[in-house]
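Numbering of ligands and ligand atoms starts at 1, following listing order.
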Amino acid sequence: MFVPVNEPDLSGNEKKYLQECIDTGWISSEGPFVERFEQGMADLCKRRHAISVANGSVALDLAMQALELELGSEVIMPTFTIISCASAIVRAGCIPVLVDSDPLTWNMDVSQIESKISSKTSAIMVVHIYGLPVDMRPILNLAKKYGLKVIEDAAEAIGQTYYGEPCGSFGDISCFSFYPNKHITTGEGGMVLCNDDKLSERCRSLRNLCFLPARRFMHERLGYNFRMSNLQAAVGMAQLERLEETINKKRDIGRKYQGLFASVSNLQLPIEKTSYAENIYWVFGLILKDCLHVDADDFAQRLKALGVATRPFFWPMHEQPVFLNQKLFEKENHPVSEAISRKGFYLPSGVGITEDQIVYATSEVKKVLMVIQ
Ligand SMILES: *Cc1c(COP(=O)(O)O)cnc(C)c1O
């Protein structure tokens, strides 16, 4: 058997809506699905504005550019995340300031944030990691107390809630990705959400080359082409219709893995729930406990040979050559993120996975554990 790390489920109206695009000829960003998908995401997240873009990374770039934070100001963010978060901050002329991870939730350690706030801090970038939300209340309180903006990266938490309120509703500006392993996919795609009318206007303008409304092909500012196509939005609409089903499926996958690993003592499993949320398992992560003297790469190699594909955890920002070469994060240590990035990986957990594949992947993990113990 071979179990791929992610298989999407495109079995709803995806084909029908794509056919509609082809039949009508609306394939660019001007087609009707784009607005429908934006409205659908705005409704899901109870936001006034949703601006679709080409992918989640440029959603973060757009958010940072549109906020117009002071050049050279500091933005606090987790060290354990995808590089897109840090690169968006750097490209906007700001300085990322890193916070270590919580060892159990793998989210940013909220208790460390206040000590990182300085007179130069302008914003906090929050990233919900692997399907469990960050504890937002203390962060929103800090933002209020110190007058900071909040950028929320909810790419791994589409359809997730925090105390019943949707993820993607908390930032001054919030971002999603619709990559094929996300809870909604458009192949490639992303979204920026906010309530502020001016901020939304800036996003729309920057997304579309900053054409002057009064005169196309005249520009007062340099923008980008970050537009999402009608083809992508058509797939997104079909996916959005089935989001609840997808979330239920992902929770089922998580619960099955939890059950099958319950008796295994040398693995740290994801947290099933906190006081504010139940995990939606963007991925099912595992951490090899210290008593196992192999790292995640070694373990993944062995699983691959048995037909089980995995992916490593994120690699911390303060250990990225690209930033160290820029003299960022020199001599910083964030021990939790360093440990989980070396000992953590995730199992096949895409929405298309079958029960047999879950059982097989689990049995092969147990087999490898027997060999190395
Ligand atoms: C997937 C992801 C992104 C980037 O999205 P792309 O669409 O792949 O560019 C950004 N942030 C987080 C937390 C993600 O998981």
Side-chain angles (χ1 to χ4, degrees), residues 5-6 8 37 41 45 50-65 75-92 96 98-99 101-102 105-108 124-134 136 139 150-160 162 167-168 170-171 173-193 207 224-229 231-233 235-236 239 246 250 270 277 279-285 311-317 320 337 340-341 344-346 349-351:
V5 78
N6 178 63
F37 186 41
M41 289 304 295
C45 299
I51 302 99
S52 58
V53 291
N55 57 66
S57 300
V58 301
L60 288 161
D61 276 310
L62 192 63
M64 282 301 302
Q65 301 283 339
V75 179
I76 297 170
M77 63 168 284
T79 188
F80 185 76
T81 182
I82 191 162
I83 195 154
S84 316
C85 301
S87 58
I89 293 171
V90 170
R91 287 198 191 105
L98 303 177
V99 169
S101 313
D102 177 282
T105 65
W106 310 331
N107 275 315
M108 70 197 298
I124 304 171
M125 183 182 281
V126 175
V127 189
H128 308 296
I129 298 288
Y130 296 171
L132 202 63
V134 175
M136 291 304 302
I139 295 179
V150 173
I151 303 116
E152 181 188 14
D153 181 350
E156 300 173 12
I158 305 174
Q160 177 58 293
Y162 170 82
C167 289
F170 295 106
I173 196 159
S174 302
C175 299
F176 285 121
S177 158
F178 305 119
Y179 191 71
N181 59 7
K182 305 297 188 328
H183 292 83
I184 288 178
T185 184
T186 59
E188 301 284 350
M191 193 81 74
V192 176
L193 299 105
R207 172 182 70 172
Y224 307 87
N225 177 356
F226 284 163
R227 301 183 304 255
M228 172 184 276
S229 79
L231 295 162
Q232 291 164 297
V235 175
Q239 290 267 305
T246 302
K250 293 284 274 191
N279 208 328
I280 59 167
Y281 300 102
W282 175 57
V283 294
F284 194 87
R311 288 285 180 278
F313 269 18
F314 293 127
W315 195 252
M317 292 305 109
Q320 296 289 349
S337 69
I340 66 179
S341 60
F345 63 95
Y346 63 84
S349 29
V351 72

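- The side-chain contact (heavy atoms from CB on, under 4.5 Å) search around V90 returns P96, F323, Q326, L328, not counting sequence neighbours.
- Ligand 1 places these atoms under 4.0 Å from at least one heavy atom of N55: 7 (O), 9 (O).
- Residue K182 places a heavy atom under 4.0 Å from ligand 1.
- Partner V53 forms a side chain to side chain contact (heavy atoms under 4.5 Å, CB included) with one of M191, R207, M228 and no other, that one being R207.
- In this pair, F170 and Y162 present their aromatic rings perpendicular. The plane angle is above 60°, beyond the 30 to 60° band.
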Test F284 against Y130 for ring-ring contact (aromatic ring centres under 6.0 Å, His included), laying out the working first. CA-CA 8 Å; F284 194 87; Y130 296 171; over 10 Å; no
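- Taking S57 as the reference, S84 meet the side chain to side chain donor-acceptor pair (under 3.5 Å) condition, with sequence neighbours excluded.
- Protein heavy atom at the shortest distance from atom 15 (O) of ligand 1 is E156 OE2, 2.5 Å.
- Residue-ligand proximity, V127 to ligand 1, at heavy-atom distances under 4.0 Å covers atoms 13 (C).
- Under 4.0 Å from ligand 1, not a single heavy atom of V58 appears.
- Annotation: E188 places no N or O atom under 3.5 Å from an N or O atom of ligand 1; distance criterion only.
- Looking from atom 12 (C) of ligand 1 to the surrounding protein, the closest heavy atom is D153 OD2, 3.3 Å.
- Between G56 and ligand 1, an N or O atom pair is found at a separation short of 3.5 Å.
- Among protein heavy atoms, atom 9 (O) of ligand 1 sits closest to S57 OG, 2.6 Å.
- A donor and an acceptor atom, one from each side chain of H128 and E152, are located under 3.5 Å apart.
- A tilted orientation is assigned to the rings of Y346 and W282, their planes being inclined by 30° to 60°.
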